[in-house]
Protein chains: 2
Amino acid sequence: MQKQETLTKNQKIILDLIEKSDQPLKAYSILFDVKKKGINAPLQVYRALKKLVKIGKIHKIESRNAFIACKNSKCQIAKATVFSICESCEDVTEIHDHKLSEHLRDFKDNKGMKYSKYNLEFFGLCKKCV
Amino acid sequence: MQKQETLTKNQKIILDLIEKSDQPLKAYSILFDVKKKGINAPLQVYRALKKLVKIGKIHKIESRNAFIACKNSKCQIAKATVFSICESCEDVTEIHDHKLSEHLRDFKDNKGMKYSKYNLEFFGLCKKCV
DNA sequence: TAACGCTGTGTAATAATATAACATATTTAA
DNA sequence: TTAAATATGTTATATTATTACACAGCGTTA
Ligand SMILES: [Zn+2]
Ligand SMILES: [Zn+2]
Ligand SMILES: [Zn+2]
Ligand SMILES: [Zn+2]
């Protein structure tokens, strides 16, 4: 369900920037970078980020307040994200693990709660940093 | 490994407050509540929170920037947390599911990364809010 | 004892993250 | 072709979190 063609100007500018980075970007660093393209205010950035998160083009790394592009162009799991985060170099990688996804998708607690979404962040040391 | 007896005055005040609430509290709401006890500045709160998180007495709900007490007094999993969050009433519950914990503890990605910690947040609607 | 490292405290200032409110424009759908 | 929904630009402000500095208490150890 490709939707990029329906993005607005600001959304495209900001998505382009995030997609060019393989690591998460913070809102105010995005703002700094897009000022030359006429985006002047935090709110313009946050609005675009909100939309891009909503349609699954990017994800928010909650523990870092940063945003990373979803590399899976057919991402069906915009609402079911798993990341690995190196606590030393801060390298972030999105994990797509079928078995894990299944397990999480099927998880039922004992409260009868219905889950529509989850976010999982693993922390540790990457190979370079061990 | 009970460590509460070694907590300092500020840490105790703040832990008490958080433990009395069954729902997550935000740092500045904590600050407001403990002003009558002589804690005047954000940093005093954040320092106590940091320590309490570190020793597993409380957990941070990353998506909400809020802090909740760990109800499991023998919590071995201060670094392996799972929460369910109702997106309507914002009710938060810590989940202790043995099978899920095992699955997450044993998870290995294909990058050879060594995980020491994870945080999982499920979102949905609780029974009241469905 | 004295020197040191470690942890915590108190205070002031500031940084970083995010939203409210308002006026207007554009797109979409009935 | 009106109405609803979505997006924009701008200003101001709210919320969350840290830096920097001076000092106090405690245990180790020289
Ligand atoms: Zn993705
Ligand atoms: Zn690393
Ligand atoms: Zn816990
Ligand atoms: Zn609810």
Side-chain angles (χ1 to χ4, degrees), chain A residues 1 3-18 21 23-68 85 87 90 92 119 121, chain B residues 1 3-18 21 23-68 85 87 90 92 119 121:
Chain A
M1 203 67 52
K3 283 215 174 185
Q4 180 147 9
E5 66 272 27
T6 75
L7 295 178
T8 66
K9 180 172 142 284
N10 288 0
Q11 291 160 6
K12 268 182 212 140
I13 291 169
I14 287 170
L15 177 57
D16 281 353
L17 182 67
I18 297 175
S21 169
Q23 287 301 303
L25 298 179
K26 309 206 123 205
Y28 277 72
S29 116
I30 292 169
L31 176 58
F32 180 86
D33 286 344
V34 298
K35 278 204 162 147
K36 47 179 142 352
K37 305 230 175 186
I39 294 178
N40 300 300
L43 192 46
Q44 293 175 288
V45 173
Y46 280 104
R47 284 198 284 225
L49 289 173
K50 185 176 181 182
K51 178 66 185 296
L52 293 170
V53 166
K54 191 178 176 194
I55 64 175
K57 287 294 182 187
I58 65 175
H59 304 302
K60 182 173 186 180
I61 311 298
E62 291 288 355
S63 66
R64 298 300 186 259
N65 299 314
F67 300 84
I68 195 169
I85 302 172
E87 291 189 294
E90 291 292 322
V92 173
N119 180 52
E121 297 180 6
Chain B
M1 205 65 51
K3 284 218 177 181
Q4 179 145 11
E5 66 271 30
T6 75
L7 294 179
T8 66
K9 180 172 144 285
N10 288 1
Q11 290 161 6
K12 269 183 210 137
I13 290 169
I14 287 170
L15 178 56
D16 282 354
L17 182 68
I18 297 175
S21 169
Q23 287 301 303
L25 298 179
K26 308 205 126 204
Y28 276 74
S29 119
I30 292 170
L31 175 59
F32 180 87
D33 286 344
V34 298
K35 279 204 163 148
K36 45 178 147 348
K37 306 231 175 185
I39 294 177
N40 300 300
L43 190 47
Q44 295 175 286
V45 173
Y46 280 105
R47 284 198 282 224
L49 290 173
K50 186 176 180 180
K51 178 68 186 296
L52 294 169
V53 166
K54 192 178 174 193
I55 65 177
K57 287 294 182 186
I58 65 173
H59 304 302
K60 181 170 186 182
I61 310 300
E62 291 288 356
S63 67
R64 299 299 187 260
N65 299 315
F67 300 85
I68 194 168
I85 302 172
E87 292 190 292
E90 292 293 321
V92 172
N119 179 52
E121 298 180 5

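Residue numbering restarts at 1 for every chain, and letters A, B, ... go by the order of the sequence lines.
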- [ ] Round to the nearest Å and state the distance from B/F32 atom CZ to D/dT16 atom C1'.
- [x] 18 Å
Task: Range on DNA chain C touched by chain B - first to last nucleotide, heavy-atom distance under 4.0 Å - done: C/dG8 to C/dA12
Task: Heavy-atom side-chain proximity of A/I39 to A/I14 below 4.5 angstrom - done: yes
TODO: Kindly indicate whether the side chain of A/I13, heavy atoms from C-beta on, has any atom under 4.5 Å from the side chain of A/L17.
DONE: no
Task: Heavy-atom check, side chain of A/R47 versus side chain of A/N10, under 4.5 Å - done: no
TODO: Output yes when at least one side-chain N/O atom of A/K51 is less than 4.0 Å from OP1 or OP2 of D/dT8, else no.
DONE: no
Task: Sub-4.5 Å side-chain heavy-atom contact between A/L15 and A/K12 - done: no
- [ ] Would you indicate whether the side-chain heavy atoms of A/H59 and A/V53 approach each other to under 4.5 Å?
- [x] no
Open item on the list: Taking the side chain as everything from C-beta on, heavy atoms only, tell me whether A/S63 gets closer than 4.5 Å to B/N119.
Closed with: no
- [ ] Report, as a single string ordered 5' to 3', how protein heavy atoms within less than 4.0 Å touch nucleotides 10-15 of chain D: B base, S sugar-phosphate only, - not at all.
- [x] BB----
Open item on the list: For the CD atom of B/Q23 and the CD1 atom of B/I68, what is their distance to the nearest 0.5 Å?
Closed with: 5.5 Å
TODO: Output the distance between atom CD (B/Q44) and atom NZ (B/K9), rounded to the nearest 0.5 Å.
DONE: 8.0 Å
Open item on the list: Which is more 5' along DNA chain C, the nucleotide nearest A/K60 or the one nearest B/N10? Just name the residue.
Closed with: B/N10
Open item on the list: Taking 4.0 Å as the cut-off, does a side-chain nitrogen or oxygen of B/N65 come that near to OP1 or OP2 on D/dA17?
Closed with: yes
Task: A/Y46 OH - D/dG9 P separation (whole Å) - done: 18 Å
Open item on the list: If I compare all heavy atoms of B/L49 with all of B/F67, which pair ends up nearest, and what's the gap?
Closed with: CD1-CE1, 3.7 Å
Open item on the list: Would you say that B/T6 contacts B/I55 through its side chain, given a criterion of any heavy-atom pair below 4.5 Å between the two side chains?
Closed with: no
- [ ] Describe the nucleic acid contact of B/K50 in one word from base, sugar-phosphate, nothing, applying a heavy-atom distance below 4.0 Å.
- [x] nothing
Open item on the list: How bent is the helix from C/dT1-D/dA30 to C/dA30-D/dT1, measuring the angle between the end axes built from five pairs each, rounded to 10°?
Closed with: 40°
TODO: Enter the distance from A/L52:CG to A/I58:CD1 here, rounded to the nearest 0.5 Å.
DONE: 4.5 Å
Open item on the list: In whole Å, I'd like the distance from the CZ atom of B/R64 to the P atom of D/dA17.
Closed with: 14 Å
